[in-house]
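One structure below.
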Amino acid sequence: MDTETSTRIEISKEYLNFSAGHFTIFSATDRENLHGHNFQVRCSVTAMVGPNGMAFDYVLLKRVLKVLCDDLDEHLLLPQHSPYLRIEQGDGLVIAWFGAERLTFQERDVLLLPIRNVTIEELAELLLARLRARPELTEYDLHEIAVGVSSGSGQWAVSSWSSA
Ligand SMILES: Nc1nc2c(c(=O)[nH]1)N=C([C@H](O)[C@H](O)COP(=O)(O)OP(=O)(O)OP(=O)(O)O)CN2
């Protein structure tokens, strides 16, 4: 067997998910009501298969993905970089201003994310960046990484990176 093959390993485990509240913002005056999804996450990684017939131990990848999902699980997700949402914090509260609307939450319930909108495309890009930053993966010669996020069956956003 040629020891120079590049193979894509795909991970799509039921337990790679997070339940979170959010609202999608469509414009300065239009947003959804607050609601939640059971978001699903999947990942594919392309790497060289070594002479021992293995690219890398994908169990490690699954463990890291589960940590990234658990970090988001059971929170209200708010975008820190939305052009339409102003966020204040204090006295144990998070206050989000959407135009004249004042949305008030307990700090313990909120996760502020460095994204522009809580959409599956922004979540996929965020999880890809967080995955790439994990030290556990830096020792591997990875060629491509793609992370998918779904807000419901049949609808995904996939954010990808390539070393090429
Ligand atoms: N480009 C995007 N458009 C929208 C997003 C998004 O993340 N990216 N998100 C939403 C909302 O989250 C909306 O609540 C999604 O809900 P919906 O599509 O209705 O989800 P369901 O699983 O209920 O889908 P059904 O087709 O009704 O089964 C809107 N737009």
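Start at 1 and go down the list; that is how both ligands and their atoms are numbered.
Distance remark: protein heavy atom not present below 4.0 angstrom from atom 19 (O) of ligand 1. Atom 27 (O) of ligand 1 is not flagged as protein-proximal [any protein heavy atom, distance under 4.0 Å]. Less than 4.0 angstrom separates atom 23 (O) of ligand 1 from none of the non-hydrogen atoms of the protein. For atom 2 (C) of ligand 1, a protein heavy-atom neighbour is found at a distance under 4.0 Å.
Under the side-chain hydrogen bond (donor to acceptor under 3.5 Å, both in side chains) test applied with Thr24, the options His35, Arg31, Glu32 reduce to a single match, Glu32.
On a distance-only criterion, Ile120 and ligand 1 share at least one N/O pair closer than 3.5 Å. The shortest N or O to N or O distance between Gln155 and ligand 1 is under 3.5 Å.
In this pair, Phe39 and Phe18 present their aromatic rings parallel. The plane angle is below 30°, not in the 30 to 60° band.
The main-chain N or O of Ile25 is found under 3.5 Å from a side-chain atom of Asn117 such that the two form a donor-acceptor pair. Put simply, the side chain of Glu144 never gets that close to the backbone of Ala47: no donor and acceptor are under 3.5 Å apart.
Regarding atom 5 (C) of ligand 1, its nearest protein heavy-atom neighbour is Thr24 OG1, 4.3 Å. If you check which protein heavy atom lies closest to atom 30 (N) of ligand 1, you get Phe26 CE2, 4.2 Å.
Distances from atom 8 (N) of ligand 1 to the heavy atoms of His37, His22, Glu121, Glu32 show the closest one on Glu121.
Residue His35 approaches ligand 1 through these ligand atoms, each under 4.0 Å from one of its heavy atoms: 12 (O), 14 (O). Counting the atoms of ligand 1 from 1 in the order shown, those under 4.0 Å from a heavy atom of Gly152 are 22 (O).
Under 4.0 angstrom from ligand 1, the non-hydrogen atoms of Thr119 come from both its backbone and its side chain.
Residue pairs meeting the ring-ring contact (aromatic ring centres under 6.0 Å, His included) criterion with at least one partner in residues 65-98, sequence neighbours excluded, do not occur; the list is empty.
Using a 4.5 Å cut-off on side-chain heavy atoms (C-beta onward), Leu61 and Tyr140 make no contact. Side-chain contact between Ser82 and Arg116: absent, with no pair of heavy atoms (C-beta onward) separated by less than 4.5 Å. In this structure, Leu123 and Leu113 have side chains that are in contact, with non-hydrogen atoms separated by less than 4.5 Å.
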